Amino acid sequence: MKDLKHLYFFEKLLEDANNDLIRQAQSNGKKCVANLCENVPEPLINLDGIFSVRLRAPRTGSIDIGTYYLTSFLCEYTRAILERAIEGGYNFADCLITPDGCSMLNRCVENMQLLNVNPKENFFYEYMEIPLKADDNGLNLYVLQCKNHILKPLHDSFGIDISDNAIRKSVEEHNRLCRAINAIGEYRKELNTRITGYEFNILTMASYVCPKDLIIEKLEETVEELKTRVPDEKNKFRARVVLVGSEVDDVDVVRLIEESGAYVCADRFCYGSFPGREEIKLNDTEDALTQVCRAYMNRAQCPRYMNQEKIQDRKQYVKHLAEEYRADGIIYEQMKFCDPWAYERMLGTKVLRDESGFPVLSIDRPYTIGSSGQLRTRVQAFVESVEIKKINGGAV
């Protein structure tokens, strides 16, 4: 296939946490709001005068210093983030807002604050609780936490307009970006697709780590470009898989899976398009903040939500994606030592394999996989098992 016009542009942006567009936005007077979790509602941290950046640690090497402070039994994502913060890799940020997504994330940010890693005089940290259950009490908590730990600090520190109209405008801009990502993602339903999972992963990830107003036009150009892009005459992929699990910001993960013969047709992971790039529909009868919080709470697929409805829905959500995108199998991945996703991966693997009949590959992985021969071998073996199942008419 012909190369996408803007793919190299987006790839270069992902090589550095402090990318060119962040510097451009700050030179225009905007403040950078860093965050570490999909449970921080993006429209609230992309109001006029600010832009959000989800922190990652590209090109991670040694994480010895992060391990010293957090021990080797915490997930490598939090250790890599702390290591990069100590090195000064996030000094571009003007504040950091984080939820209590997990105890490891909390410890990471607490160490960043105790070590005073950011030298900016007015830099501040905000910790917010997020609900464990998606119900009315959970929504009330979510709204209160967003008021006290997102909107109020941003208004008091940076003079940001946090009115209902300002939030509605931000939601409109958020939805515009979501529509572009979703339009691109629709092509993944094609059996001989005109966009690879790797290409889609690059575009989606850039939408989390760059000022959105500076990439939206290129994403919309890509939507138009794909309408006439001609796929390769012969499909090079031997199987279609849904990639499900915890934090994935290493572009080599999807690249390795596809080089092993499995097309990543759908993505349900942190930094993925599901459910993070679903539009937020607002009505005119209720305040925008409550509606944004309800949308994030109801659509959340994070294993932090522990009520039975959410637990069951997470399995159904993956099953639905696999069916809608015509997947042959599912890859459940988890960052090594990620406790919430360790339980979710085990349960999800069993339910989707035994009750839904999907072949499932269950893996734990390091933060940066590089060329990981072991993972490549496992994916290749999984692809072969899927092919054998097809030959046998669905029987393993």
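Only a predicted model underlies this, so the values are computations on that prediction, with no experimental measurement involved.
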**Request:** Evaluate the side-chain contact (heavy atoms from CB on, under 4.5 Å) criterion for residues Phe9 and Lys218: first the C-alpha distance (whole Å), next the side-chain angles of each, then the deciding distance (0.1 Å), finally the verdict.
**Result:** CA-CA 10 Å; Phe9 168 80; Lys218 287 184 170 56; 3.3 Å; yes

**Request:** Side-chain contact test, heavy atoms from C-beta onward, threshold under 4.5 Å: evaluate it for Tyr77 versus Leu105 and give yes or no.
**Result:** yes

**Prompt:** Between His6 and Thr222, which heavy-atom pair has the shortest distance, and what is it?
**Reply:** CD2-OG1, 4.1 Å

**Item:** Heavy-atom check, side chain of Glu279 versus side chain of Arg179, under 4.5 Å
**Value:** yes

**Prompt:** Taking the inter-plane angle between the rings of Trp341 and Tyr332 on a 0 to 90° scale, is it parallel (under 30°), tilted (30 to 60°) or perpendicular (over 60°)?
**Reply:** tilted

**Prompt:** Does NZ in Lys120 sit with more than 12 non-hydrogen atoms of other residues, nucleotides or ligands closer than 6.0 Å?
**Reply:** yes

**Request:** Compare every heavy atom of Cys108 with every heavy atom of Ile81, then report the nearest pair and how far apart it is.
**Result:** CG2-SG, 3.8 Å

**Request:** Mark yes when over 12 heavy atoms from residues, nucleotides or ligands other than Lys133 sit less than 6.0 Å from its NZ; otherwise mark no.
**Result:** no

**Request:** Test side chain to side chain donor-acceptor pair (under 3.5 Å) on Asn106 and Ser103 and set out the steps.
**Result:** CA-CA 5 Å; Asn106 289 345; Ser103 59; over 6 Å; no

**Prompt:** Do Glu286 and Arg294 touch side chain to side chain, with heavy atoms closer than 4.5 Å?
**Reply:** yes

**Asked** Where the side chain of Gln145 meets the backbone of Ile130, is there a donor-acceptor pair that is under 3.5 Å apart?
**Response** no

**Asked** Which pair of heavy atoms, one from Ile45 and one from Ile150, lies closest together, and at what distance?
**Response** CG2-CG2, 3.8 Å

**Asked** Taking it one step at a time, do Phe158 and Phe124 satisfy ring pair (Phe, Tyr, Trp, His ring centres under 6.0 Å)?
**Response** CA-CA 11 Å; Phe158 304 139; Phe124 65 87; 5.7 Å; yes

**Geometric cation-pi criterion Lys189 and Tyr325, 6.0 Å radius, 45° cone** = yes

**Asked** Are side-chain N/O atoms of Tyr367 and Asp249 paired as donor and acceptor at under 3.5 Å?
**Response** yes

**Prompt:** Which of these, Arg229, Arg255, Lys5, sits in a salt bridge (Lys or Arg N to Asp or Glu O under 4.0 Å) with Glu199?
**Reply:** Arg229

**Prompt:** Is a side-chain N or O of Arg188 found less than 3.5 angstrom from the main chain of Phe200, in a donor-acceptor match?
**Reply:** no

**Request:** Determine, stepwise, if the pair Ile311 / Leu347 fulfils side-chain contact (heavy atoms from CB on, under 4.5 Å).
**Result:** CA-CA 10 Å; Ile311 293 173; Leu347 185 59; 4.2 Å; yes

**Among Leu4, Ile202, Asn19, side chain to side chain contact (heavy atoms under 4.5 Å, CB included) partner for Phe10** = Ile202

**Prompt:** Any luck finding a side-chain donor-acceptor pair between Tyr127 and Gln113 under 3.5 Å?
**Reply:** yes

**Item:** Residue pair Glu173 / Asn46, side-chain donor-acceptor N/O under 3.5 Å
**Value:** no

**Asked** Does a side chain donor of either Gln26 or Asp94 reach within less than 3.5 Å of an acceptor in the other side chain?
**Response** yes

**Message:** Between Glu15 and Pro58, is there a side-chain heavy-atom distance shorter than 4.5 Å?
**Reply:** no

**Prompt:** Taking the six-membered ring for Trp, are the ring centroids of Tyr263 and Tyr198 within less than 6.0 Å of each other?
**Reply:** no

**Request:** Report yes if some heavy atom in the side chain of Tyr90 is under 4.5 Å from a heavy atom in the side chain of Val117; otherwise report no.
**Result:** no

**Message:** Measuring from atom CG of Leu141 to atom CE of Met297, what distance do you get when rounded to the nearest 0.5 angstrom?
**Reply:** 10.0 Å

**Prompt:** Within the distance-only criterion (no hydrogens, no angle test), does the side chain of Gln291 pair as donor or acceptor with the backbone N or O of Asn283 below 3.5 angstrom?
**Reply:** yes

**Asked** What distance separates Glu233 CD from Asn235 CG, expressed to the nearest 0.5 Å?
**Response** 12.0 Å

**Message:** I need the Phe51 CZ to Ile22 CD1 distance, nearest 0.5 Å.
**Reply:** 5.5 Å

**Message:** For Arg107 and Glu110: C-alpha separation, side-chain torsions, deciding distance, then whether salt bridge (charged side-chain N to carboxylate O under 4.0 Å, His left out) applies.
**Reply:** CA-CA 5 Å; Arg107 286 191 60 190; Glu110 286 168 356; 5.9 Å; no

**Message:** Quick check: closest heavy atoms across Leu154 and Cys95, and the distance to 0.1 Å?
**Reply:** CD2-SG, 4.3 Å

**Asked** Which heavy-atom pair separates Pro43 from Ile280 by the least distance, and what is that distance?
**Response** CG-CD1, 3.8 Å

**Prompt:** Within a strict 4.5 Å, meaning less than it, do heavy atoms of the Val386 and Arg238 side chains meet?
**Reply:** no

**Fill in**
Tightest non-hydrogen contact, residues Phe382 and Gly329, listed as CZ-CA, 4.2 Å

**Item:** Residue pair Val253, Arg365: steps toward the side-chain contact (heavy atoms from CB on, under 4.5 Å) verdict
**Value:** CA-CA 10 Å; Val253 173; Arg365 62 174 186 85; 4.2 Å; yes

**Message:** Could you go through Cys293 and Leu139, starting from their C-alpha distance and side-chain angles, then the distance that decides it, and tell me whether this counts as side-chain contact (heavy atoms from CB on, under 4.5 Å)?
**Reply:** CA-CA 7 Å; Cys293 291; Leu139 178 59; 3.9 Å; yes

**Prompt:** Going by heavy atoms in the side chains, are Asn201 and Tyr271 under 4.5 Å from each other?
**Reply:** no

**Message:** If you count heavy atoms of other groups shown closer than 6.0 angstrom to CD of Glu324, is the number above 12?
**Reply:** yes

**Prompt:** Would you call the rings of Phe337 and Phe73 parallel, tilted or perpendicular if under 30° counts as parallel and over 60° as perpendicular?
**Reply:** perpendicular

**Test item: side-chain donor near acceptor, Asp64 and Thr67, under 3.5 Å** = no

**Request:** First locate atom CD of Glu83, then atom OG of Ser62, and finally report the distance between them rounded to the nearest 0.5 Å.
**Result:** 5.0 Å

**Message:** Regarding Glu387 and Lys390, does a basic nitrogen lie under 4.0 Å from an acidic carboxylate oxygen?
**Reply:** no

**Message:** Any side-chain to backbone donor/acceptor pair from Lys310 onto Ala300? Under 3.5 Å, distance only.
**Reply:** yes

**Request:** Sequence neighbours left out, what pairs pass side-chain hydrogen bond (donor to acceptor under 3.5 Å, both in side chains) with at least one residue falling in residues 33-44?
**Result:** Asn35-Arg54, Glu42-Lys212, Glu42-Arg277

**Asked** Cut-off 3.5 Å, side chains only: do Gln301 and Asp313 have a donor facing an acceptor?
**Response** yes

**Message:** Asp164 vs Lys169, test: salt bridge (charged side-chain N to carboxylate O under 4.0 Å, His left out). Steps then yes/no.
**Reply:** CA-CA 9 Å; Asp164 189 78; Lys169 179 183 176 183; over 6 Å; no

**Request:** Would you mind checking if Glu220 and Arg176 are paired as a salt bridge, meaning a charged N to carboxylate O distance below 4.0 Å?
**Result:** yes

**Prompt:** Heavy-atom distance under 4.5 Å between the side chains of Leu243 and Arg268, does that happen here?
**Reply:** no

**Fill in**
Only one of Asp161, Leu282, Ile162, Leu151 passes side chain to side chain contact (heavy atoms under 4.5 Å, CB included) with Ile167, and that residue is Leu151

